[in-house]
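Okay, so here's the structure we're looking at.
First listed ligand is number 1; within each ligand, the first listed atom is number 1.
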Amino acid sequence: MITALGGGVGAAKFLKGLTKLVPYKELTLIINTADDIELYGFNISPDIDTIIYRLSGNIDTDKGWGLKDDSLNVLNSLSAFGVETWFGLGDRDFATQVFKKELSQSGKTKTEITNLTASSFGLENLNILPMSDESVETWIETSEGIMHFQEYYIKHRMEPEVTGINLRGITEANPSPGVLEAITKSELIIICPSNPIISIGPILDVKGIREEIVNSPAKVIAVSPLIGGKPLKGPADKLMRGLGLEASSSEIANLYKDFLDVMVLDDSDSGEVEKINSLGIKTFVTDTIMTDDEKSKILSEKIMEYLGN
Ligand code: GDP
């Protein structure tokens with residue numbers, strides 16, 4: 001059994017390759033829900049939707065999120081009512097949210113909603129779990145005040161200076177059913193190339209998850225989301241610096257050092273190898289830029305070959 005922890009865009013690209021090698025029934029995905037947001041009357045889970053859309057072949061590959069061939073009629077009509085429409089949800093994506101909302105109103109949990117949504121997209125055999133059924137929200141403290149992560153990222157285009165991060169609800173959040181069991185049963189745990197602060201960090205902070213990974217006999221590997229010390233997309237470097245950390249793969253390895261066995265690094269970060277090895281963590285240096293599904297598959301093949309599987 002393999003368990004993978006991930007956020008949205010980077011994780012989805014990586015998992016598209018991994019699932020070409022590993023059968024769905026041998027895999028459990030634990031996905032971040034700390035960037036969920038209440039908007040347009042819905043509780044939107046961007047990371048879970050991104051994973052489902054990419055793995056089911058429905059992603060807008062140019063953007064890396066949202067559904068392909070989507071349109072913006074609902075959003076444009078909403079703006080005529082004076083509603084703020086900075087969060088770009090397409091028409092087909094609105095249908096996903098209506099489906100989820102109906103399930104939520106009938107009493108279904110986030111885990112059940114995720115499962116039913118994934119099944120509707122043809123992923124009935126893949127175990128996709130939200131990190132928790134309880135609500136967690138990421139709020140960013142900035143030079144311009146505190147704001148929801150999506151507001152900081154999309155509306156304010158990551159411009160305000162980050163001074164702190166607040167995960168609302170995290171101390172009360174319990175792992176969703178199946179999360180701890182999946183970790184216990186796994187021989188391999190993969191930390192996807194996702195934001196270490198606001199995607200992987202919150203998953204590890206949910207009650208018991210980090211301890212379960214630390215105590216697990218499984219091999220734990222992480223794929224760095226940084227290329228030459230920078231994210232391909234998103235605010236990983238800005239958030240790390242905002243917390244007084246260095247934006248580097250060795251700093252990420254340091255964040256995971258209580259459980260990490262192997263860090264997979266991009267060729268452009270080979271200068272970090274010694275520093276990571278000095279933490280007692282092995283390194284595997286390769287091309288980690290996944291420009292298409294084939295490159296994602298090749299990356300997973302190389303990792304499996306390195307691990308001797
Ligand atoms: P988000 O929550 O949708 O922003 O997605 P993630 O938590 O998955 O984080 C995005 C991270 O994925 C960024 O730090 C990117 O650098 C990383 N990423 C995206 N594409 C790639 C890729 O092709 N290779 C690697 N190594 N990282 C990637």
Side-chain angles (χ1 to χ4, degrees), residues 4-18 29-37 44-55 59-66 87-88 93 128 130-131 136-138 140 148-154 157-158 165 167 190-204 221-241 245 247-249 251-253 255-256 262-270 272 283-300 302-303:
L5 274 59
V9 177
K13 281 163 77 179
F14 176 77
L15 292 167
K16 186 74 183 176
L18 186 72
L29 312 182
I30 303 174
I31 304 301
N32 173 48
T33 50
D35 64 356
D36 287 12
I37 185 166
I44 304 171
S45 297
D47 285 356
I48 287 185
D49 292 347
T50 299
I51 296 286
I52 292 175
Y53 295 166
R54 169 81 66 177
L55 294 182
I59 199 94
D60 179 332
T61 43
D62 291 338
K63 291 193 304 204
W65 53 272
F87 191 87
D93 218 332
I128 306 176
M131 65 184 200
V136 180
E137 283 194 0
T138 304
I140 310 291
H148 189 285
F149 167 69
Q150 301 296 353
E151 223 175 336
Y152 160 76
Y153 185 27
I154 303 171
R157 299 162 199 272
M158 310 186 280
I165 295 167
L167 294 179
I190 303 177
I191 314 289
C192 293
S194 295
N195 190 312
I197 308 297
I198 46 124
S199 291
I200 303 300
I203 302 177
L204 296 171
I221 70 155
V223 182
S224 176
L226 300 182
I227 309 288
K230 291 197 185 70
L232 283 178
K233 185 180 172 294
D237 53 343
K238 292 191 162 86
L239 297 178
M240 290 182 82
R241 281 193 223 102
L245 303 171
S248 68
S249 294
E251 188 80 90
I252 297 177
L255 293 173
Y256 303 157
V262 180
M263 184 76 168
V264 181
L265 294 178
D266 190 69
D267 292 319
S268 58
D269 289 306
S270 56
E272 299 272 304
T283 42
F284 175 52
V285 181
T286 186
D287 175 7
T288 72
I289 303 179
M290 299 168 282
T291 39
D292 55 33
D293 291 355
E294 188 55 26
K295 282 201 75 182
S296 304
K297 182 175 160 222
I298 292 170
L299 176 58
S300 279
K302 285 187 191 158
I303 292 172

In Å, rounded to the nearest 0.5 Å, how long is the span from [atom1] of [X] to [atom2] of [Y]?
| X | Y | atom1 | atom2 | answer |
| --- | --- | --- | --- | --- |
| Met240 | Asn195 | CE | CG | 8.5 Å |
| Ile191 | Phe14 | CD1 | CZ | 10.5 Å |
| Ile140 | Met158 | CD1 | CE | 11.5 Å |
| Ile44 | Asp93 | CD1 | CG | 7.5 Å |

Under 4.0 Å from any heavy atom of [X], which atoms of ligand 1 are there?
| X | answer |
| --- | --- |
| Asp47 | 2 (O), 3 (O) |
| Thr288 | 22 (C), 23 (O), 24 (N), 25 (C), 26 (N) |
| Pro231 | 14 (O), 16 (O) |
| Ser224 | 26 (N) |
| Ala11 | 8 (O) |
| Ser194 | 6 (P), 7 (O), 8 (O), 9 (O) |

Protein non-hydrogen atom below 4.0 angstrom of atom 23 (O) of ligand 1 present | yes
Checking side chain to side chain contact (heavy atoms under 4.5 Å, CB included) for the pair Tyr152/Thr138: CA distance, chi angles, key distance, verdict?
-> CA-CA 10 Å; Tyr152 160 76; Thr138 304; over 6 Å; no
Does some side-chain heavy atom of Lys16 sit less than 4.5 Å from a side-chain heavy atom of Ile59?
-> no
Side chain or backbone of [X] under 4.0 Å from ligand 1, or both, or neither, by non-hydrogen atoms?
| X | answer |
| --- | --- |
| Thr50 | neither |
| Lys13 | side chain |
| Ile227 | side chain |
| Pro46 | neither |

Among Asp49, Asp60, Thr61, Leu15, find the one that has a side chain to side chain contact (heavy atoms under 4.5 Å, CB included) with Arg54.
->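 Looking at Asp49, Asp60, Thr61, Leu15, the match for Arg54 under the side chain to side chain contact (heavy atoms under 4.5 Å, CB included) is Thr61.
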Measure from the side-chain N and O atoms of Asp266 to the backbone N and O of Ser224, and report whether any donor-acceptor pair falls under 3.5 Å.
-> no
Tell me the protein heavy atom at minimum distance from [atom], and give that distance in Å.
| atom | answer |
| --- | --- |
| atom 13 (C) of ligand 1 | Lys233 O, 3.1 Å |
| atom 3 (O) of ligand 1 | Val9 N, 3.0 Å |
| atom 18 (N) of ligand 1 | Gly10 CA, 3.8 Å |

Geometry only, no angles: is [X] polar-contacting ligand 1 at N/O separations under 3.5 Å?
| X | result |
| --- | --- |
| Met290 | yes |
| Asn195 | yes |
| Leu226 | no |

If you measure only the distance, is there a donor-acceptor pair under 3.5 Å linking the side chains of Thr286 and Lys302?
-> yes
Donor on one side chain, acceptor on other, Ser199 and Ser194, under 3.5 Å | no
Closest by any non-hydrogen atom to atom 21 (C) of ligand 1: pick that one out of Ile31, Thr138, Val223, Leu232.
->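 Heavy atom nearest to atom 21 (C) of ligand 1 belongs to Leu232.
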Option with minimal heavy-atom separation from atom 7 (O) of ligand 1, where the choices are Ser199, Gly7, Pro193 =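 Looking at heavy atoms only, Ser199 sits closest to atom 7 (O) of ligand 1.
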Trace of the side chain to side chain contact (heavy atoms under 4.5 Å, CB included) decision for Leu255 with Leu245 | CA-CA 10 Å; Leu255 293 173; Leu245 303 171; 4.2 Å; yes
Heavy atom of Asp266 under 4.0 Å from ligand 1?
-> no
Lys/Arg N to Asp/Glu carboxylate O, Lys297 vs Asp293, below 4.0 Å = no
